[in-house]
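Comments concern the structure below.
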Amino acid sequence: MSAQIIDGKVLAAQVKAEVAADVETLKAKGVQPCLAVILVGENPASQTYVKGKEKDCIECGMESRVIRMPADSTQQQVLDQLRVLAADDAVHGILVQLPLPEQIDEQAVIAAIPPEKDVDGFTPVNVGRMMIGEECFLPCTPAGCMRMLDSTGVSVAGKHAVVVGRSNIVGKPAAMLLLSRNATVTICHSKTADLPEVCRSADILVAAVGRAGFITGDMVKEGAVVIDVGINRSPEGKLCGDVDFAAAAEKAGHITPVPGGVGLMTRAMLMVNTVEACRRQTGL
Ligand code: NDP
């Protein structure tokens, strides 16, 4: 293996230590940053994610509130809960854990989160601000990818960045952040022609597909930075990314592992956004 591993554990710990120091400063001024999470239903993966967020808040010295709602909650009930949290000055960040049960329109719920408390960066206002380069909350996964990329010391400007995946929460914003850093960006998706060839031309390759082993070693350019966003289960039940790690690591200059990669940074960036939301709302 020739690639250097971009260690999500180490980086996330650094980021969380910075957040904890910021929280201490705010507490000394009489404010405790608080993240409220709405969890509707009992999706096991969502429950695990929410537990992780609670743990991170505690680790950073923040308050964590989890509002658990039954799976048969109506859209109106979720919107009512959001309104309560929006009006509560002690709550600085609000997150609605996705996916929501099918009777609820996700976009309608997301749009009801006040942009100044939208620490996931999913509301149309924050997405629009990101597009035009205004101050906003960046979505946590793409922001985490950028932190990991920056940790390599590889400069982004002028590089060819290929993002595989075009979801609203990962692919599209990741491409936009790379563009804002002056990469030349190609976005690939299920209709892309000759995807392996496009990937092979990437100096920076971001995989956000949701398929184990999708990026094979022959799709990686010698010396490329490979960021693996995927969270999948292998046929043996092991957690793995979208990249065939062993094969890609033979070619890449830097690569993120799964587990221990982007997932941990996503969680850390949520803490960054929450403390920042608190700072902006309190003016401290
Ligand atoms: P989506 O399912 O919303 O998007 C997947 C994207 O991959 C789509 O744009 C789709 O193309 C594309 N795609 C699917 N199959 C192919 C194919 N055969 N060839 C080319 N492109 C393809 O997933 P998400 O963006 O939400 O998530 C992607 C992965 O990242 C998942 O494994 C998810 O679990 C993980 N994830 C990890 C996070 C973390 O913190 N590490 C956070 C969020 C997600 P098309 O648009 O044409 O359908």
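Remember, it's 1-based here, ligands and their atoms both numbered in the order they're listed.
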Quick one: does ligand 1 sit under 4.0 Å from the side chain of Leu195, the backbone, both or neither, non-hydrogen atoms only?
side chain
Salt-bridge criterion met for Arg83 and Asp80 (N-O under 4.0 Å)
yes
Could you check whether atom CD of Gln76 has more than 12 heavy atoms from other residues, nucleotides or ligands sitting under 6.0 Å from it?
yes
For atom 36 (N) of ligand 1, the closest protein heavy atom turns out to be Val229 O, 3.7 Å
In Asn168, Leu95, Val109, Leu98, the residue satisfying side-chain contact (heavy atoms from CB on, under 4.5 Å) with Phe122 is Leu98
From CA spacing to verdict: salt bridge (charged side-chain N to carboxylate O under 4.0 Å, His left out), Arg279, Asp22
CA-CA 9 Å; Arg279 233 188 263 121; Asp22 290 347; 2.8 Å; yes
Just to confirm my output: which protein heavy-atom neighbour is closest to atom 27 (O) of ligand 1, and how far is it?
Val170 CG2, 4.4 Å
Numbering the atoms of ligand 1 from 1, which are under 4.0 Å from a heavy atom of Asn232?
32 (O)
Rounded at 0.5 Å granularity, tell me how far CE in Met62 sits from NZ in Lys27.
10.0 Å
Under 4.0 Å between heavy atoms, the region of Thr141 that gets near ligand 1 turns out to be side chain
Over 12 non-hydrogen atoms of neighbours within 6.0 angstrom of CG in Asp89
no
Return the closest protein heavy atom for atom 20 (C) of ligand 1 as residue, atom name and distance.
His189 O, 3.1 Å
Heavy-atom proximity to atom 10 (C) of ligand 1, picking from Ala174, Gly8, Ser190, Ser167, points to Ser190
Salt bridge check: are Arg211 and Asp242 linked by an N-O gap of less than 4.0 Å?
no
Considering the heavy atoms of Phe214, write down every atom of ligand 1 situated less than 4.0 Å from one of them.
17 (C), 18 (N), 19 (N), 20 (C)
Basic-acidic side-chain contact under 4.0 Å: Arg200, Asp218
yes
Report, as yes or no, whether the 6.0 Å neighbourhood of atom CD on Glu134 holds more than 12 heavy atoms from other residues, nucleotides or ligands.
yes
Under 3.5 Å, N or O to N or O, is Asp242 touching ligand 1 that way?
no
Out of curiosity, is Ile169 lining ligand 1, as in a heavy atom under 4.0 Å away?
yes
Under a 4.0 Å threshold between the charged nitrogen and the carboxylate oxygen, would Glu116 count as salt-bridged to Arg280?
no
Could you tell me which atoms of ligand 1, counted from 1 in the order shown, lie closer than 4.0 angstrom to a heavy atom of Arg211?
15 (N), 18 (N)
Pull out every atom of ligand 1 sitting under 4.0 Å from any heavy atom of Ala208, numbered as shown with elements.
5 (C), 6 (C), 7 (O), 28 (C)
Need the ligand 1 atom indices (1-based, order shown) with element for anything under 4.0 Å from a heavy-atom of Thr266.
39 (C), 40 (O)
For Gly165, the ligand 1 atoms whose distance to one of its heavy atoms is below 4.0 Å:
6 (C), 7 (O), 9 (O)
Taking only Lys NZ, Arg NE, NH1 and NH2, and the carboxylate oxygens of Asp or Glu, determine whether Arg65 and Asp88 approach each other closer than 4.0 Å.
yes
If you compare Gly171, Pro99, Gly210, Cys188 by their heavy atoms, the one closest to atom 29 (C) of ligand 1 turns out to be Gly210
Which residue and atom name correspond to the protein heavy atom nearest atom 5 (C) of ligand 1, and how close is it?
Val209 O, 3.4 Å
For atom 33 (C) of ligand 1, closest protein heavy-atom neighbour:
Ile231 N, 4.1 Å
Atom 46 (O) of ligand 1: which protein heavy atom is closest, and how many Å away?
Arg166 NE, 2.7 Å
